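Below is one structure; the comments refer to it alone.
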Amino acid sequence: MTPLAAALVDWYRGNARDLPWRAQGFGAWGVLVSEFMLQQTPVNRVIPLLEAWLVTWPTPTALAAASPAEAVQRWANLGYPRRALWLHRAAVEIRDRHDGVVPRDVDALLALTGIGDYTARAVAVFAYGDRHPVVDTNTRRVLARAVDGRSQPGPPARSDLDRMAAILPEDRAAAATVNAAAMELGAVVCTARTPRCDLCPVRELCAWRAAGYPDTGDTRRRQARYEGSDRQARGAVLAVLRDAAPEGVPVDAVIADWPDAAQRDRAIGTLLADGLAETTPDGLLRLPA
DNA sequence: CAATCGTGGGA
DNA sequence: TTCCCAAGATT
């Protein structure tokens with residue numbers, strides 16, 4: 001094992017957080033749902049909703065039997081509600097193409113709606129114990145600092161997978177631990193802002209530290225302002241639909257007092273196009289039944 | 001490939 | 001207050 005991998009594993013054994021999806025027997029479906037919810041949403045906000053979700057829909061087939069509306073409604077305020085729609089579609093695909101069993105093969109996972117390079121490998125590794133590189137933003141930051149001596153990672157690249165694969169031990173279980181440990185270190189120690197290098201288990205072999213913590217100028221694209229954005233308008237529309245009766249709300253009554261009428265119409269239009277809302281013959285707007 | 005897509009908490 | 005950022009995926 002490389003020194004970096006060995007140090008990560010040693011640290012992880014004594015410092016891993018006790019997260020629900022790490023429990024023995026949590027199941028591939030639970031892992032898959034957790035990974036969908038964790039896409040861009042913080043751990044602490046995911047946990048309670050994940051547990052409620054799995055009580056209602058303990059299997060892919062159970063979720064597939066529900067309506068998309070129920071899925072989007074139960075997604076509540078996790079954000080990026082398209083993920084709820086995609087998770088529901090993935091459940092239907094699992095029922096129809098995989099006999100209701102979450103696939104283990106990475107290519108089969110990649111073929112499911114809403115699953116990309118990260119989530120496919122996360123499920124194969126953390127749910128099934130197979131040996132693949134799992135690379136998320138935490139891992140990319142750890143590699144950028146410890147190996148490249150940079151202050152922040154560059155843009156995501158397919159080569160990230162090869163770089164991670166290069167430090168994985170041969171043993172499957174050990175490889176899975178290295179994957180989890182790199183993510184965990186990035187999440188709790190090697191954080192984007194104010195990293196806690198004083199208690200970092202790999203500081204002695206960290207290239208960024210050796211270089212004196214230079215600011216290497218890796219600047220990520222700034223997120224667009226949320227206040228006044230189309231996303232805010234979409235969020236407001238969807239919040240109304242989530243809280244409304246299933247039959248829906250008169251289209252003209254939805255956020256009727258929105259400051260920008262054109263933006264309001266645009267928000268409803270794109271939500272319809274995305275399949276996150278639909279209209280009824282009698283002019284109601286509702287979640288997709 | 002760069003833009004888009006929610007929501008909330010902390011610096 | 002404002003800005004940053006959080007286990008990404010899709011088009």
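Source: prediction; values computed, not measured. Note that these values count all heavy atoms, side chains included, but never hydrogens, waters or copies made by symmetry. Here is how names work: the chains are called A, B, and so on, in the same order as the sequence lines, proteins then strands, and each is numbered from 1.
Judged as a side chain to side chain contact (heavy atoms under 4.5 Å, CB included), and not counting sequence neighbours, the contacts of A:Pro156 are A:Arg140, A:Asp160. Looking at residues two or more places apart in sequence or on another chain, you find a side chain to side chain contact (heavy atoms under 4.5 Å, CB included) between A:Ala236 and A:Ile255, A:Trp258.
Contacts with DNA chain B (heavy atom under 4.0 Å) in residues 18-47 of chain A: A:Gln40, A:Thr41, A:Arg45, listed by number. Contacts between residues 211-226 of chain A and DNA chain C, defined by a heavy-atom separation below 4.0 Å, involve A:Arg220, A:Arg222, A:Gln223, A:Arg225, listed by number. Contact check of residues 143-170 of chain A against DNA chain C (heavy atom, cut-off under 4.0 Å) returns no residues at all. Within residues 228-241 of chain A, the residues having any heavy atom under 4.0 Å from DNA chain B are, by residue number, A:Arg231, A:Arg234, A:Gly235. Near DNA chain B, defined here as any heavy-atom distance below 4.0 Å, there are no residues from residues 122-141 of chain A.
For A:Ile255 and B:dG6, the CD1 to P distance is 13 Å, given to the nearest whole Å.
Within the structure, the side-chain hydrogen bond (donor to acceptor under 3.5 Å, both in side chains) test picks out the following pairs touching residues 276-289 of chain A (sequence neighbours left out): A:Glu278-A:Arg286, A:Thr280-A:Asp282. Pairs engaging residues 118-129 of chain A under the side-chain hydrogen bond (donor to acceptor under 3.5 Å, both in side chains) rule: A:Glu35-A:Tyr118, A:Gln39-A:Thr119, A:Asp117-A:Arg121 [sequence neighbours left out]. Among residue pairs with one or both ends in residues 68-79 of chain A, those qualifying as side-chain hydrogen bond (donor to acceptor under 3.5 Å, both in side chains) are A:Thr56-A:Arg74, A:Ser67-A:Glu70; sequence neighbours excluded.
Place A:Arg193 and A:Thr270 on DNA chain B by their nearest nucleotides, and A:Thr270 ends up nearer the 5' end.
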Table please: side-chain donor-acceptor pairs of residues 202-209 of chain A below 3.5 Å, with sequence neighbours left out.
unit_1: A:Arg203; atom_1: NH1; unit_2: A:Cys200; atom_2: O; d: 2.7
unit_1: A:Trp208; atom_1: NE1; unit_2: A:Pro214; atom_2: O; d: 2.7

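Reading DNA chain C from its 5' end, the first and the last nucleotide to sit under 4.0 Å from a heavy atom of chain A are C:dC3 to C:dT10.
Rounded to whole Å, the separation between the P atoms of B:dA3 and C:dC4 comes to 16 Å.
Ion pairing of A:Asp257 with A:Arg264 is absent here, as no side-chain N (NZ or NE/NH1/NH2) approaches a carboxylate O to less than 4.0 Å.
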